[in-house]
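So you know, we letter chains A, B, ... as the sequences are listed, proteins then strands, and number each from 1. Atoms considered below: every heavy atom in the structure, side chains included; atoms not considered: hydrogens, waters and symmetry mates. Everything numeric in this text was worked out from a predicted model, so none of it was measured.
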There are 2 protein chains.
Amino acid sequence: MKTLNTIPLNQILQGDCIELMNSLPEKSVDLIFADPPYNLQLGGDLHRPNNTKVDACDDHWDQFDSFKAYDEFSNAWLKAARRILKDDGTIWVIGSYHNIFRVGVTLQDLGYWMLNDVIWRKTNPMPNFRGRRFTNAHETMIWCSKSEKAKYNFNYEAMKAFNDDVQMRSDWLLPICNGGERLKNDEGVKAHPTQKPESLLYRVIMASSKPGDVVLDPFFGTGTTGAVAKKLGRNFIGLERETDYIKVAEKRIKSIKGEVDTSLLTTPAKRQAPRIPFGTLLERGLLEPGTKLTDVKGRYEAKVRADGTLSASDFRGSIHQVGAKVQNAQACNGWTFWHMEKGSERVCIDELREQVRSELAS
Amino acid sequence: MKTLNTIPLNQILQGDCIELMNSLPEKSVDLIFADPPYNLQLGGDLHRPNNTKVDACDDHWDQFDSFKAYDEFSNAWLKAARRILKDDGTIWVIGSYHNIFRVGVTLQDLGYWMLNDVIWRKTNPMPNFRGRRFTNAHETMIWCSKSEKAKYNFNYEAMKAFNDDVQMRSDWLLPICNGGERLKNDEGVKAHPTQKPESLLYRVIMASSKPGDVVLDPFFGTGTTGAVAKKLGRNFIGLERETDYIKVAEKRIKSIKGEVDTSLLTTPAKRQAPRIPFGTLLERGLLEPGTKLTDVKGRYEAKVRADGTLSASDFRGSIHQVGAKVQNAQACNGWTFWHMEKGSERVCIDELREQVRSELAS
DNA sequence: CCAAGGCATGAATCGTTGG
DNA sequence: ACCAACGATTCATGCCTTG
């Protein structure tokens with residue numbers, strides 16, 4: 001494949017992304033966003049508790065023989081990306097714990113300079129159905145400049161403005177892509193197993209590029225990067241192998257008239273008063289496992305357990321459940337019912353919660 | 001240093017953590033929590049395994065040299081840790097984007113099996129003063145078992161109870177360590193630059209160990225791991241080079257009184273409840289042969305046979321087999337699937353099992 | 001037309017025990 | 001080591017059906 005002299009804008013190029021990048025002129029791209037295969041290494045099938053089968057990402061493009069093969073792949077495409085990236089351009093790569101550590105090392109070894117790792121916290125992740133691990137509720141993005149001294153672009157003021165005038169943090173709370181945004185094929189089946197939400201790309205592109213910039217995505221899929229780039233007045237280049245994805249992406253991008261929906265940039269409304277699990281008082285040392293709690297008169301009592309539940313004679317449960325049980329009542333607000341002894345006084349545990357709330361607010 | 005036959009508990013061992021770990025008996029530790037140094041650019045803490053010092057440098061070649069040294073260091077201590085870790089033990093390592101990707105790759109390359117990456121979201125991170133990046137508001141922990149097939153320990157029910165009866169997610173919001181918890185030396189200066197909050201260790205130790213387990217921290221510092229281990233009824237081993245840190249940690253841990261009733265420290269899991277054959281319900285008269293069972297909606301039905309099996313139209317078998325068959329599913333938990341009619345209500349047979357269990361316990 | 005409830009589904013490295 | 005059987009396990013969201 002011969003090298004082009006000018007860069008083809010606002011198009012999807014079909015083929016292997018490494019070969020395609022090698023055909024593009026060097027130092028011609030301002031921003032790269034990449035969502036490479038995660039090398040998931042899934043075992044057998046997984047079923048939900050209601051016996052339905054989880055639709056796993058088992059596509060051929062996610063299969064690698066070994067970590068070594070995956071590292072060689074990462075090294076190859078990140079090297080090709082480095083050649084076409086302008087000296088002051090930046091690159092984002094997204095992944096999960098299956099692959100992101102290997103991608104991070106490859107980035108560092110190739111001389112990229114890490115600026116941030118940014119956590120995409122999902123409001124609605126898939127639960128852990130078997131109860132064997134923590135709910136995998138986030139993905140990680142790495143943001144790099146081409147070198148330590150590069151004068152990269154970061155729209156600090158814009159990010160701050162969109163975040164209620166406080167600095168944008170490295171953890172972003174955004175929903176996964178579903179509902180109307182999720183693209184379906186003619187049979188009504190999801191067109192791509194891992195379509196990213198536009199809200200994520202809005203922040204990425206807003207933060208690290210300017211209108212008129214060239215934004216390249218080497219694993220274009222159904223074209224979220226291109227769609228958002230167009231909406232934000234940037235030029236895009238999409239690289240993709242699969243004909244089916246390209247068709248969907250072209251239709252999607254064609255239908256966009258370049259308007260910006262700024263609501264996608266903002267953080268979902270902050271919860272009013274943050275919910276404080278009772279266990280928080282334990283891990284913060286405000287209470288200890290074994291502490292005796294009583295009602296305000298000292299008629300009923302229970303002991304605090306390490307997992308943030310209470311135990312009373314032969315009953316265990318939340319502060320609310322145990323509070324109701326000892327009174328033989330239907331319901332009980334454990335926060336106002338239970339007190340701890342402090343010297344000769346009884347202090348309501350709700351005061352401890354207030355203390356935590358004020359610390360969380362600061 | 002010669003190898004010990006028994007493991008020294010609830011002590012801080014002074015010296016190089018790799019040498020000290022090599023002196024401990026193999027497969028003797030249940031849980032490792034490690035907060036390794038990652039000041040690549042500061043020089044002070046980073047030595048090659050042969051004890052030569054790595055120069056702090058900026059340019060690319062030396063940066064690569066320093067990554068290589070860091071990888072050798074990680075490989076050495078994680079290998080030593082692997083030897084002393086029990087086959088069903090787990091390890092946590094915490095870091096930031098400067099080092100965590102390299103640590104992650106080393107873990108994977110040594111054969112550790114990643115279970116989760118967990119994000120510690122800081123309520124009160126240091127702001128980014130220059131406004132050139134996103135506020136670095138989190139650190140990353142990697143949690144691994146020793147191998148893919150290991151039967152590691154995860155206290156799912158405890159973590160769920162702790163989190164208001166919703167699965168604990170992979171992102172944890174916790175404040176950094178300051179205020180009264182932050183240890184100061186005699187001059188009133190913070191005793192350690194990166195003291196971790198006890199709340200973080202509380203969750204780690206609660207989630208992945210049992211009372212009486214051995215918890216080792218190879219970079220003990222001021223001993224947060226030991227302090228929380230003691231509070232939660234676990235044994236600790238701390239490894240540390242610096243005399244100043246050891247003094248502070250010993251004083252800290254000595255002041256903790258660690259007697260807590262073990263029953264308050266553990267959350268019973270249904271998984272480890274004694275097995276009750278379905279036939280027991282019959283011989284105890286809780287069910288009679290011929291009783292009709294249905295699913296919760298009354299869509300499927302079966303009859304109880306005297307031998308403790310069920311029969312449905314033209315199929316006979318265990319409660320599980322028949323439950324699966326009528327639904328045309330691969331598997332089924334008959335205990336939660338089948339219900340008996342009691343007046344106008346349907347009662348799950350799992351409640352009958354609970355009744356038997358409580359009778360057997362008393 | 002609206003409210004309530006049912007149902008589908010998302011990048012997932014998701015068993016244990018006894019024969 | 002392999003196999004069969006037991007039996008434990010889900011949260012947020014959006015669309016659709018039912019009343």
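- At the heavy-atom level, B:C332 lies under 4.0 Å from base atoms of the strands shown.
- In terms of phosphate contacts, B:T336 brings no side-chain nitrogen or oxygen within less than 4.0 Å of OP1 or OP2 of D:dG7.
- D:dT17 sits 15 Å from C:dC1 when the C1' atoms are compared, rounded to a whole Å.
- Taking only side-chain atoms of A:T194, from C-beta outward, the nucleotide of C:dA11, D:dC6, D:dT13 with the closest atom is C:dA11.
- Side-chain polar atoms of A:D244 and A:H192 form no donor-acceptor pair below 3.5 angstrom.
- Regarding contacts with the backbone of C:dT9, every side-chain N or O of A:K190 stays at 4.0 angstrom or more from both OP1 and OP2.
- The A:T52 side chain lies nearest to C:dT9 when the options are C:dA11, D:dA8, C:dT9.
- The residue A:D35 sits close to a base: some heavy atom pair falls under 4.0 Å.
- Nucleotides D:dA5 and C:dA12 are separated by 25 Å at their C1' atoms, to the nearest Å.
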Step-by-step salt bridge (charged side-chain N to carboxylate O under 4.0 Å, His left out) determination, A:K190 to A:D55 = CA-CA 11 Å; A:K190 61 185 175 188; A:D55 183 19; 3.1 Å; yes

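- B:R169 comes within contact range of no nucleotide atom at all, as no heavy-atom separation falls under 4.0 Å.
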List the steps, then state whether side chain to side chain contact (heavy atoms under 4.5 Å, CB included) holds for B:V347 with B:H339.
-> CA-CA 5 Å; B:V347 178; B:H339 294 62; 5.9 Å; no

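- Counting any heavy atom pair closer than 4.0 Å across all strands shown, A:P197 reaches no nucleic acid atom.
- At the phosphate of C:dG6, OP1 or OP2 sits under 4.0 Å from a side-chain N or O atom of B:K297.
- For DNA chain C, the stems formed by at least three consecutive Watson-Crick or G-U pairs, with both atom-pair distances below 3.5 Å, span C:2-10 with D:11-19, C:15-19 with D:2-6.
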Protein proximity profile, nucleotides 12-18 of chain C - base contact B, sugar-phosphate-only contact S, no contact -, cut-off 4.0 Å on heavy atoms = BBBSS--

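- Of the N and O atoms on the side chains of A:H98 and A:S96, at least one donor lies less than 3.5 Å from an acceptor on the other residue.
- Shown here is B:K79, whose NZ atom has no more than 12 heavy atoms of other residues, nucleotides or ligands within 6.0 Å.
- Comparing the C1' positions of C:dC14 and C:dG10 gives an interatomic distance of 15 Å, to the nearest angstrom.
- If you check every strand for non-hydrogen atoms under 4.0 Å, B:Q272 touches nothing.
- Heavy atoms from other residues, nucleotides or ligands lying under 6.0 Å from NZ of A:K196 number more than 12.
- Ring-plane geometry between B:W143 and B:F154 is classed as tilted, the angle between the planes lying from 30 to 60 degrees on a 0 to 90 degree scale.
- A sub-4.0 Å separation between OP1 or OP2 of D:dG7 and a side-chain N or O of B:H320 is present.
- At the phosphate of D:dT13, neither OP1 nor OP2 sits under 4.0 Å from any side-chain N or O atom of A:N178.
- Side-chain to base pairing of A:R182 with D:dG14: no donor and acceptor N or O lie closer than 3.5 Å to each other.
- Summary of the strand contacts: A:G179 and B:G334 both lie near DNA chain D, and taking for each the nucleotide with the nearest heavy atom, the more 5' one is attributed to B:G334.
- Following rounding to the nearest Å, A:N50 (CG) and C:dG10 (P) show an atom-to-atom distance of 13 Å.
- Salt bridge present: A:K53 and A:D45 bring a charged side-chain N and a carboxylate O closer than 4.0 Å.
- When distances run from any side-chain atom of A:W61 to the nucleotides D:dC11, D:dC6, C:dA11, the shortest one goes to C:dA11.
- In this structure, of D:dG7, D:dT13, D:dA8, it is D:dT13 that holds the atom nearest to the side chain of A:T123.
- We find that NZ of A:K184 is positioned 12 Å from P of D:dG14, with the value rounded to whole Å.
- We find that A:K68 and A:D71 are not joined by a salt bridge, their nearest charged nitrogen and carboxylate oxygen being 4.0 Å or further apart.
- Backbone-only engagement by B:S318 is indicated by non-hydrogen atom pairs under 4.0 Å involving sugar-phosphate atoms exclusively.
- In summary, the side chains of B:R102 and B:S74 do not present any donor paired with an acceptor at a separation below 3.5 Å, with no hydrogens or angles considered.
- One can place CD1 of B:I349 at 12 Å from P of D:dC6, the figure rounded to the nearest angstrom.
- Both the sub-6.0 Å distance and the 45° axial angle are not jointly satisfied by A:R121 relative to the ring of A:W172.
- Between C:dA11 and D:dG14, the distance separating the two P atoms is 14 Å to the nearest Å.
- Going from the C1' atom of C:dC7 to that of D:dT10 covers 14 Å, rounded to whole Å.
- The nucleotide whose nearest atom lies closest to any side-chain atom of B:N333 is, among D:dC11, D:dA8, C:dA11, D:dA8.
- Residue contacts shown for B:A269 are absent, as no nucleic acid heavy atom lies under 4.0 Å away.
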